[in-house]
Amino acid sequence: MELAEKCLVLGVTGGIAAYKAAELVRLLVREGASVQVVMTEAATHFVTPVTFQALSGRPVFTDQWDPRIANNMAHIELSRTADALLIAPASADCLAKLANGLADDLLTTMVLARDCALHVAPAMNRQMWENPATIRNLATLRADGVNIFGPACGDQACGETGPGRMLEPEEILGEVISHFQPKHLAGKRLLLTAGPTFEAIDPVRGITNLSTGKMGYAIARAAREAGAQVTLVSGPVALSCPPGVKRIAVTSALEMHAEVHRQIAGNDVFVAVAAVADYRPARPLDQKIKKGAQTQPPAIELRQNPDILGDIAALPQPPLCVGFAAESERLAEYAESKRRSKRIPLIVGNLIADGFGGEQNTLTLFDDDGQHPLPPAPKIALARLLVARIAALLEKR
Ligand code: PMT
């Protein structure tokens, strides 16, 4: 229930993506939010108010002269209890009105009268999205502090393909939850590593592992949500960079080591989530190894990689260092021994069966006060708990 006790006004404007707003209401309500839907007249041509009333459990408003509001000031009455106003889908026409402060219907009047955050999820044809007028309007809205969610790129209802698709309801929900997170890392800088490393044997083969980067990317996202300036040094993964995070892509442990040392100055926190290969082939080959006629398989001589976290923790004035430990057994014993050998205040333990690859994880924090198991949860929820713990440790420093 990430949105328990939150009140949202959801504005729906005219566009085919209005049908997705119905699912969005369902998701917001499932997370505990009270949702008050306000529709423009155009939106009612795509989905009826009855659909939103059924899903939100509240009457829907479409008219600023609605007689159900006793003092006839619907724009004030409906917006005063709101923690945020979200418009999804937001048509090009709606964005133009908002950018110019027009107030010619209930929704746009509410936007002007609000005293809470405004988020918009644009949805329109790709030409409309790329029109200079829309680009100008978006720049104005951004400068006014409006949060723009998306849009995505892809197939459009008109049959064209390009930017302008509204984000999926799940993605919009994620953005809304992000914006409600406490800003306990405001003004802090956080550097982290994530994903696997890849140690080349020859041009097509290498040593790597099953890390997908999901845990590290979730922490990058949670730290950004909490107000930190985040730099993510990432091994090869198939994830997109969380919004607002600076990502530097690397491949091998040596590259990750060098990049972390280039970036570390000025950071308050270093979180090592990457599954770094402990060893690399001593002499990677320029040409592909051929099977040839030899009877014995070729031997690969290995050389130890530098310990990135250990080296950062050993700096004369290290940032707050947080490590991870993925173990197949004896989690507490091995995690705690890594924490001590690397001389770091906090290590996060997870079993390999829980941590690698999946959307969920089960973490235990190990620090000077002992061990603190966290309940199994999605990686982003655990990342937010970890970020809160990091903020508390920073306060004590
Ligand atoms: O990416 P996912 O699929 O979401 O999976 C997440 C994860 C399981 C990879 C992640 O939660 C995790 O546990 N990462 C650490 C993996 C591990 O066990 O690392 P390690 O025991 O080899 O190293 C201990 C710590 O030292 C880690 O913080 C590691 O980043 C760091 N280290 C290790 C070796 C090295 N050469 N340099 C390092 O910085």
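The structure displayed is predicted, hence computed values, not measured ones. Counting starts at 1 for both ligands and their atoms, in listed order.
Nearest to atom 24 (C) of ligand 1 by heavy atom, out of F270, Y217, F324, Y279, is F324. Among G235, A326, G358, the residue whose heavy atom lies nearest to atom 18 (O) of ligand 1 is A326. For atom 6 (C) of ligand 1, the choice among M215, K214, K338 with the nearest heavy atom turns out to be M215.
The closest approach between H257 and ligand 1 stays at or above 4.0 Å for every heavy atom of the residue. In this structure, K379 has a heavy atom closer than 4.0 Å to ligand 1. Look at A274 and you'll find a heavy atom under 4.0 Å from some atom of ligand 1. Heavy-atom separations between P196 and ligand 1 are all 4.0 Å or longer.
Looking at L309 next to ligand 1, an N or O pair under 3.5 Å apart turns up. Polar contact with ligand 1: present for N350 (N/O pair, distance under 3.5 Å). At under 3.5 Å, not a single nitrogen or oxygen of G323, backbone or side chain, sits near a nitrogen or oxygen of ligand 1.
Contacts of A253 with ligand 1, taken as heavy-atom pairs under 4.0 Å, are absent altogether. Contact annotation for A325 and ligand 1: only backbone heavy atoms (N, CA, C, O) come within less than 4.0 Å of the ligand. With a heavy-atom cut-off of 4.0 Å, T212 touches ligand 1 through backbone and side chain alike.
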- Task: Just do the side chain to side chain donor-acceptor pair (under 3.5 Å) check on T108 and D105 with the steps written out, would you?
- Result: CA-CA 6 Å; T108 49; D105 61 10; 2.5 Å; yes
- Are N305 and H257 close enough, and set up right, to give a side chain to side chain donor-acceptor pair (under 3.5 Å), and what steps lead you there? CA-CA 9 Å; N305 275 325; H257 184 260; over 6 Å; no
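Taking CD1 of I207 as the start and OH of Y279 as the end, the distance is 11.0 Å to the nearest 0.5 Å.
The aromatic rings of H119 and F149 lie parallel to each other, with less than 30° between the two planes, well short of the 60° mark.
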